[in-house]
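Here's the structure, in structure tokens; my notes come after.
Everything numeric in this text was worked out from a predicted model, so none of it was measured. Side chains are part of it too, since the values below use all heavy atoms of this structure and drop only hydrogens, waters and symmetry mates.
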Amino acid sequence: MKRFLLDIWQVFGAEVRRVFSDRMVPLVFFVATVIYPVVFCAIYNTEYMHNLPVAVVDESHSADSKRFVHKLDALPEVDVDYKCNTMAEAEYLMRNHDVHAIFYLPVDYGTRLAELQTARVGVFCDMSSFYFYKNAVTGGSNLLIDEMQTIELQRYEMSGMSGQQAGEMVKPVIYDDVKLYNPSGGFGSFFVPALLMLVLHQTLFFGIGILYGAAKENRKELYHMPAHLRGNSTHRVIFGRALCYVLIYIPVCGFVLWLVPWLFHLPQLGTLYDLVMFLLPFILAATFLGMFFGTFFIRQKVSGVLCCLFFSVILFFLSGIVWPQSNMPKFWLWFSYLFPTTPGIQGYVRINSMGAHLSEVRSEYIALWIQAGAYFVLTCLATYWKNYRRHIQVQMLRRVRQLQTVRLEKK
């Protein structure tokens, strides 16, 4: 046991020196993990888009349409910047991106309401951004509900009902709209926690890829075993190198997943114990995944960059945050669980944003441990295979040299 720990310590020390001797790796491990979370949180810290510029085309010019426009301008979601006489004027403003939505009230709007008929309101949205559509439709829908209640109340009062009776007819059921875990309905509280986990995974994967690529460029492959550890000690080398990355990422995780959410007032409902215990298999799985890719697939430094860029968007969409997992095709759902980001993001969001305990994210927690174990075994096999091939090549070269020496002696 003592020899086992000493071997791991020696490999750990060599890996720490290798990490800090490369200029790019500390930039990825420490600088990128500081800059990216802070920039993302600063961009989305407003949480919600207010006062979307819209245009109104009121062809009715009735008391009802004027009341509608006045209420529309009072909404927090939109801001009536232009009142146009024709649709052509409003379309010109939208093409120039001066407005992002048009509300159209036809000529017969007031007349149809006066005749107790159904009136229509047209909403035209700029779909270049989903939030333009969301603000226009959400604000317009809320206003239409309020306007319908106002119109119904007027009609009941005109029929002879008292104000109280009319109010009970208009609102037979009063409901409270409570948004759990994201009271403001903000984009930052929804989007940023998942992004923080992806930043941790990708910087760790990228940094390990740089180390392996640089070593192979210098013909010092990291799968080469130290002389005193050759034989059946592959797992000791893998453990020692993984320990280096895990210990480096302990303070990094504390900054990214604890301090940054606190600074930018993101949801923090989980306990520190649950968070630490959940992050341990996540970091191990991401580490062994990076080491496996580095051993088998990465040949140059640029290979790590390409892998990181290629997987970043894919992993975010496969995580189940952008698109629900229940609506994913089965193949892509199972494929997503090849990567630690899927159970990692799902579990972290439930713990930190929804206050779940470790027992309530049991499936994600077990999945991360399975991934960590599987990628550890694959990394050991890949390392053993690379060393075996190298051993065979060395033996063949020795035989060739011996044959050449024998031939020269005979001559």
Side-chain angles (χ1 to χ4, degrees), residues 43-159 161 163 166-167 169-172 174-175 177 179 182 184-191 322-323:
I43 291 173
Y44 299 110
N45 195 39
T46 54
E47 291 277 8
Y48 196 77
M49 179 186 289
H50 295 281
N51 299 324
L52 178 73
V54 302
V56 173
V57 181
D58 182 11
E59 294 183 349
S60 175
H61 300 292
S62 61
D64 293 315
S65 66
K66 291 179 181 178
R67 182 180 68 241
F68 182 92
V69 174
H70 179 72
K71 288 184 177 180
L72 180 67
D73 196 24
L75 291 175
E77 292 88 354
V78 299
D79 185 19
V80 180
D81 285 354
Y82 298 92
K83 296 180 181 179
C84 305
N85 295 320
T86 63
M87 278 296 295
E89 296 178 14
E91 291 174 6
Y92 175 80
L93 292 172
M94 182 174 282
R95 281 196 297 269
N96 290 340
H97 301 288
D98 294 323
V99 298
H100 298 290
I102 301 172
F103 286 81
Y104 173 68
L105 288 83
V107 177
D108 60 351
Y109 178 81
T111 305
R112 294 182 70 85
L113 290 178
E115 295 175 354
L116 303 182
Q117 296 179 358
T118 301
R120 296 181 181 276
V121 176
V123 182
F124 304 87
C125 300
D126 179 359
M127 289 299 294
S128 61
S129 171
F130 176 76
Y131 255 72
F132 296 158
Y133 170 81
K134 178 181 179 295
N135 271 38
V137 172
T138 302
S141 299
N142 293 335
L143 176 56
L144 286 173
I145 292 173
D146 180 74
E147 190 66 6
M148 285 187 292
Q149 292 176 350
T150 301
I151 293 169
E152 288 181 359
L153 186 64
Q154 291 176 349
R155 290 177 178 177
Y156 285 131
E157 289 178 347
M158 290 173 61
S159 65
M161 290 186 179
M169 291 293 291
V170 171
K171 293 184 178 180
I174 299 176
Y175 69 95
D177 182 15
K179 297 181 179 67
N182 190 359
S184 65
F187 190 68
S189 298
F190 159 74
F191 176 80
V322 177
W323 187 255

Listed once per pair and sorted, the side-chain hydrogen bond (donor to acceptor under 3.5 Å, both in side chains) pairs that draw on residues 72-91, sequence neighbours left out
none

Applying side chain to side chain donor-acceptor pair (under 3.5 Å), name anything that partners Ser62, two or more places apart in sequence or on another chain.
Ser60, Ser65

Residues at least two apart in sequence or cross-chain that pass side-chain contact (heavy atoms from CB on, under 4.5 Å) with Ser129, listed by chain then number, are Tyr131, Phe132

Roughly how far, to the nearest 0.5 Å, is the CE atom of Met94 from the SG atom of Cys125?
7.0 Å

Other residues, nucleotides and ligands only: do more than 12 of their heavy atoms fall within 6.0 Å of OH on Tyr133?
no

Restricting to side-chain contact (heavy atoms from CB on, under 4.5 Å), what partner residues turn up for His50, sequence neighbours left out?
Tyr48, Pro76

Suppose we screen for side chain to side chain donor-acceptor pair (under 3.5 Å). Which residues come up paired with Tyr109, at least two apart in sequence or across chains?
none

Reported CG-to-CG distance for the pair Asp58 and Asp64, which is rounded to 0.5 angstrom
10.5 Å

Which of Asn51, Val99, Leu75, Val54 passes side-chain contact (heavy atoms from CB on, under 4.5 Å) with Val80? It is Val54

Please enumerate all residues that pass side chain to side chain donor-acceptor pair (under 3.5 Å) together with Lys66, with sequence neighbours excluded.
none

About how many Å separate NE2 of His61 and CG of Leu105, when rounded to the nearest 0.5 Å?
10.0 Å

Table please: side-chain donor-acceptor pairs of residues 136-145 below 3.5 Å, with sequence neighbours left out.
from: Thr138; atom 1: OG1; to: Lys134; atom 2: O; distance (Å): 2.6
from: Ser141; atom 1: OG; to: Val137; atom 2: O; distance (Å): 2.7
from: Asn142; atom 1: ND2; to: Thr138; atom 2: O; distance (Å): 3.2

Qualifying residues under side-chain contact (heavy atoms from CB on, under 4.5 Å), relative to Phe124, sequence neighbours excluded:
Met87, Ile102, Tyr104

